[in-house]
Amino acid sequence: YVPPGTTLIDTQGSLVNDRLFNPSGTEGVTDVGTDLGLTYFGAFTSVEPGQTQHLVFEYLLADSVVHTIENGSYTLNFFKQMGAQNHDIELSLDVGGNISYATPAEESGAWGDEMYSLNTILDQDKTFEVLFDPSQDR
């Protein structure tokens, strides 16, 4: 789920089926739609035992989000799916300006730069907010 008005540019790592039914690894399609007032992207991928897989959605943020970023604020919401196990989140955001405030806070040694980096667990819905100086060159 992404903010309404967000446009999908590309998907990498989607498959039409698992390795048994798609041994050549043919790329799958990405579903795009709206639900709960948000835009969604959906794709199938398969992670074979002992392997890792990346599913990447490249998209253009909605104008409303771009405007908020241009004013020095970025908020990212993670929604935990009901019944899902807790999962690790490794978050790294380059906001293009010195960060003046972030919640939850980074480790104190990481303060005062353009990067917001945090490792946490998605055990409930979480909101990450970063305020920064947008006047710096990007």
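V2 is connected to V130 through a chain of hydrophobic side-chain contacts under 4.5 Å among Ile, Leu, Val, Met, Phe, Trp and Tyr, so both are in one cluster. A single hydrophobic cluster is seen to contain both F57 and V66, as judged by linkage of ILVMFWY side chains at heavy-atom distances under 4.5 Å, directly or through other members. One hydrophobic cluster, built from ILVMFWY side chains closer than 4.5 Å, holds both L76 and V65. If you chain together hydrophobic residues whose side chains sit under 4.5 Å apart, L8 and V16 never meet in one group.
In this structure, L118 and P104 have side chains that are in contact, with non-hydrogen atoms separated by less than 4.5 Å. In this structure, E106 and Y116 have side chains that are in contact, with non-hydrogen atoms separated by less than 4.5 Å.
The distance between the ring centers of F78 and F128 falls below 6.0 angstrom.
Among residues at least two apart or in separate chains, side chain to side chain donor-acceptor pair (under 3.5 Å) pairs with a member in residues 76-87 are N77-T127. Counting only residues at least two apart or on different chains, the side chain to side chain donor-acceptor pair (under 3.5 Å) pairs with a member in residues 59-69 are H67-N71.
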Anything under 3.5 Å between a donor and an acceptor, one on a side chain of residues 29-46, the other on a protein residue two or more places apart or in another chain? List them.
{"from": "T30", "atom 1": "OG1", "to": "T11", "atom 2": "OG1", "distance (Å)": "2.7"}
{"from": "D35", "atom 1": "OD2", "to": "Y1", "atom 2": "OH", "distance (Å)": "2.7"}
{"from": "T45", "atom 1": "OG1", "to": "G13", "atom 2": "O", "distance (Å)": "2.9"}
{"from": "T45", "atom 1": "OG1", "to": "Q53", "atom 2": "NE2", "distance (Å)": "3.0"}
{"from": "S46", "atom 1": "OG", "to": "E48", "atom 2": "OE2", "distance (Å)": "3.1"}

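Side-chain atoms of N22 come within 3.5 Å of backbone atoms of T26 as a donor-acceptor pair (strictly under, hydrogens ignored).
At most 12 non-hydrogen atoms from other residues, nucleotides or ligands lie less than 6.0 angstrom from CD1 of I121.
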